[in-house]
Amino acid sequence: MATAFLAAKRSKDPCSQVGACIVNENNVIVGTGYNGMPKGCDDDEFPWAKKSKNALENKYLYVCHAEVNAILNKNSADVKNCTLFVALFPCNECAKVIIQSGIKEVVYISDKHAHKTHTIASKRMLNAAGISYRQFIPRQKQIVIDFSEINWNEMNQLPSTPVKDINAHTQKEKLKEEDQGK
Ligand SMILES: Nc1ccn([C@H]2C[C@H](O)[C@@H](COP(=O)(O)O)O2)c(=O)n1
Ligand SMILES: [Zn+2]
């Protein structure tokens, strides 16, 4: 699920960044995706509005949902018997693709649109197709990714000297020694 949330960070949707991650029966990741405009449809040019009176100026007619992108991005022959992790419960259009792709389980975090017809239709299809779904309740609310952590010293939790700096230091010492005629 964390991988799904990480994928979501790439979405240009200013309102809802949704990510999805598919794993196979051995829990190996076979695809990730996030909500975005189709290839060739510039994420910076197509509209991200929600409530324009002109439907053509809203995102909904254009955006590819995270679940569909994850399925299309698969790096395996197929996604049969795989599990899909997704932040939001899949809509009816995604449910159709999920069913046809052979995914056997959906794990989601939020079902905030449970009352809406697209979710009710989605559940009706998933139930009929025998695809199980369950809510994921995270044990921890946050995971922090700290890129500087790799340079931290295990013993005292102080940043250790990055390799680049060690080299710079050694080079400085060498130049000093040369200057001193050593
Ligand atoms: N399961 C879902 C649900 C929604 N999305 C995408 C589609 C839109 O880009 C956005 C929803 O927009 P909102 O009406 O919340 O502003 O999330 C998805 O990819 N997967
Ligand atoms: Zn959808």
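Residue numbers run from 1 in the order of the sequence given. Whatever order the structure lists ligands and atoms in, that order sets their numbers, starting from 1.
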Side chains of D44 and K12 in contact at under 4.5 Å (non-hydrogen atoms): yes
Sub-4.5 Å side-chain heavy-atom contact between N81 and N24: no
Ring-plane angle category for Y133 and Y108, please: parallel below 30°, perpendicular beyond 60°, tilted otherwise. tilted
Chain-and-number sorted residues having a heavy-atom contact under 4.0 Å with ligand 1 are D13, C15, S16, V18, N35, K50, K59, Y60, V63, H65, A66, E67, L88, F89, P90
I'd like to check C15 versus K59 (side-chain heavy atoms, cut-off strictly below 4.5 Å). Are they in contact? yes
Please determine whether the number of non-hydrogen atoms from other residues, nucleotides or ligands lying under 6.0 Å from atom CD of Q100 exceeds 12. no
Specify whether an N/O/S atom of H118 falls short of 2.8 Å from the Zn ion (ligand 2). no
How wide is the angle at the Zn ion (ligand 2) between SG in C94 and ND1 in H65, to the nearest 10°? 110°
If every non-hydrogen atom of H118 is compared with every non-hydrogen atom of C91, which pair is closest and at what distance? ND1-CB, 3.8 Å
Any chance you could measure S101, atom OG, to L84, atom CG, to the nearest 0.5 Å? 8.0 Å
